[in-house]
Amino acid sequence: MTVAGPIRSAVRSRAELPDQFFAQFLDRTRTYSCALWTHPDDTLEQAQVAKIDLALGKCDLQPGMTLLDVGCGWGSTMLRAMDSYGVNAIGLTGNRDQYRYVRDQLVDRLIRGRPYGGVRRQGWEEFDRHPDRIVCIGRLEHLLPQRYPDFFDFAYRILPEDGVLLVQTVVAPGLDRSSAHQTRLAATDAEFAPETIFPVDRLLPPKGVAEYAEDAGFTITGLERLGQHYTTTLQCWASALHEHRDRAIELAGRDTYDAYISYMTGCADHFSSGRLDVMQFTCTKPAPYRSVPRSLPRDIRSSDYRTGMTTHAA
Ligand SMILES: C[S@@+](CC[C@H](N)C(=O)[O-])C[C@H]1O[C@@H](n2cnc3c(N)ncnc32)[C@H](O)[C@@H]1O
């Protein structure tokens with residue numbers, strides 16, 4: 001991806017930014033992914049919880065199960081799962097501040113006798129336990145496309161039969177899988193999405209994500225589009241960040257502040273136009289003794305991948 005030099009060099013990377021910078025624009029749950037407005041008057045926090053509930057509702061969770069949250073961020077999804085479903089949850093994050101934040105939340109819950117949870121500062125590549133369900137929200141789009149097979153193989157390997165992997169990820173509907181590596185988005189979007197904030201050059205079309213999941217052995221049992229809601233999410237973030245402009249600049253510097261505002265407003269347009277989308281993929285590991293109807297995946301493989309897909313209108 002070609003990124004203009006001054007932006008790239010001055011914008012601080014995610015790892016360099018303090019937690020408090022993100023607190024300037026995220027809601028109280030610190031959920032850093034596309035929300036879902038089920039009522040137009042909902043706050044960002046309510047919309048984030050609705051999105052989390054939508055994702056967890058697709059995981060067929062039962063009390064006592066173990067849920068792995070790959071890329072748990074500040075833990076909103078795993079904590080909600082523990083509270084709503086009585087599951088044990090394990091969160092993985094690559095970020096030290098997030099790890100500490102979630103660990104403190106878990107200690108607090110332990111004191112109050114809530115279900116067990118753990119957080120690890122560890123990549124999914126090193127995870128060696130066998131959860132019953134996996135949720136992965138806002139993480140896959142940061143992978144290089146050639147690593148998708150490894151991720152889906154990993155998930156398939158550690159899940160039991162009938163296990164569910166729920167992925168929410170940003171996709172680029174206009175691309176085909178083969179051209180995704182040299183996406184046209186990169187050149188035009190470089191000025192608002194430097195790779196330190198969002199890796200536009202790594203996006204896949206929905207069909208590409210579904211095919212990688214199927215190649216690993218999963219059946220796609222559900223697809224849902226949320227892209228219009230990312231426009232609203234990004235607008236909420238941009239407006240909150242603007243409101244806390246002075247504090248954000250103090251925490252991260254002017255260039256980083258400008259880049260985030262530019263990314264949020266620029267990307268919002270692409271989600272509203274449908275050039276970019278957000279989708280939830282429900283990936284089920286079929287039991288080998290059953291003949292699993294593959295009609296939905298075949299439809300997805302056809303030219304209109306939207307067949308059988310639910311759209312959450314904004
Ligand atoms: C955009 S955030 C999404 C966070 C959260 N799921 C949410 O919706 O708020 C991506 C998360 O993936 C984590 N991450 C990065 N590399 C990872 C890896 N190899 N394995 C697991 N998580 C990783 C990051 O630290 C961060 O917590």
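Nothing here was measured: the structure is a model prediction, and the numbers come from that model. Each ligand, and each atom within it, is numbered from 1 in the order the structure gives. Count residues from 1 along the sequence.
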*Indicate whether the side chain of T221 and that of T284 have a donor and an acceptor atom separated by less than 3.5 Å.*
yes
*Pull out every atom of ligand 1 sitting under 4.0 Å from any heavy atom of T31, numbered as shown with elements.*
8 (O), 9 (O)
*Main-chain N/O of A268 paired to T231 side chain as donor or acceptor, under 3.5 Å*: yes
*Please determine, by modelled atom types, if T31 and T29 share a side-chain donor-acceptor pair under 3.5 angstrom.*
yes
*Numbering the atoms of ligand 1 from 1, which are under 4.0 Å from a heavy atom of Y32?*
1 (C), 3 (C), 7 (C), 9 (O)
*Is it true that W237 and Y260 have ring centroids separated by less than 6.0 Å?*
no
*Contact (N/O only, under 3.5 Å) between H142 and ligand 1*: no
*Quick one: look up the protein heavy atom nearest atom 20 (N) of ligand 1 and list residue, atom name and how far away it is.*
W124 N, 3.0 Å
*How are the rings of Y212 and Y148 set to each other: parallel, tilted or perpendicular (split at 30° and 60°)?*
tilted
*Just need the protein heavy atom nearest to atom 10 (C) of ligand 1, so name the residue and atom and give the distance.*
G138 O, 3.6 Å
*Between F218 and F152, how do the two ring planes meet: parallel, tilted or perpendicular, split at 30° and 60°?*
perpendicular
*Nearest neighbour in protein (non-hydrogen) for atom 26 (C) of ligand 1*: Q98 OE1, 3.5 Å
*Check each of G94, C72, S33 against atom 8 (O) of ligand 1 and report the one with the nearest heavy atom.*
S33
*Just how far is it from atom CZ of R120 to atom CG of D69, taken to the nearest 0.5 Å?*
13.5 Å
*What distance do R30 atom CZ and S76 atom OG have between them, rounded to the nearest 0.5 Å?*
11.0 Å
*Donor-acceptor pair, R133 side chain versus C59 backbone, under 3.5 Å?*
yes
*Please confirm whether D69 comes within less than 3.5 Å of ligand 1 when only nitrogen or oxygen atoms on both sides are compared.*
no
*Using a strict 4.0 Å cut-off to heavy atoms of N95, name the atoms of ligand 1 that fall inside it.*
25 (O)
*Does even one non-hydrogen atom of E125 get within less than 4.0 Å of ligand 1?*
yes
*Hey, is ligand 1 close enough to V70 that some N/O pair sits below 3.5 Å?*
no
*For atom 23 (C) of ligand 1, grab the closest protein heavy atom and report residue, atom and distance to one decimal in Å.*
R139 NE, 3.3 Å
*Are any of the N or O atoms of T77 closer than 3.5 Å to those of ligand 1?*
no
*Within a distance under 4.0 Å of any heavy atom of G123, pick out the atoms of ligand 1 and give their elements.*
18 (C), 19 (N), 20 (N)
*Identify whether the distance between the nearest side-chain nitrogen and carboxylate oxygen of D258 and R254 falls below 4.0 Å.*
yes
*Nearest to atom 3 (C) of ligand 1, what protein heavy atom do you find, and at what distance?*
I137 O, 3.5 Å
*Which residue owns the protein heavy atom closest to atom 13 (C) of ligand 1, what's the atom, and how far is it?*
G71 CA, 3.6 Å
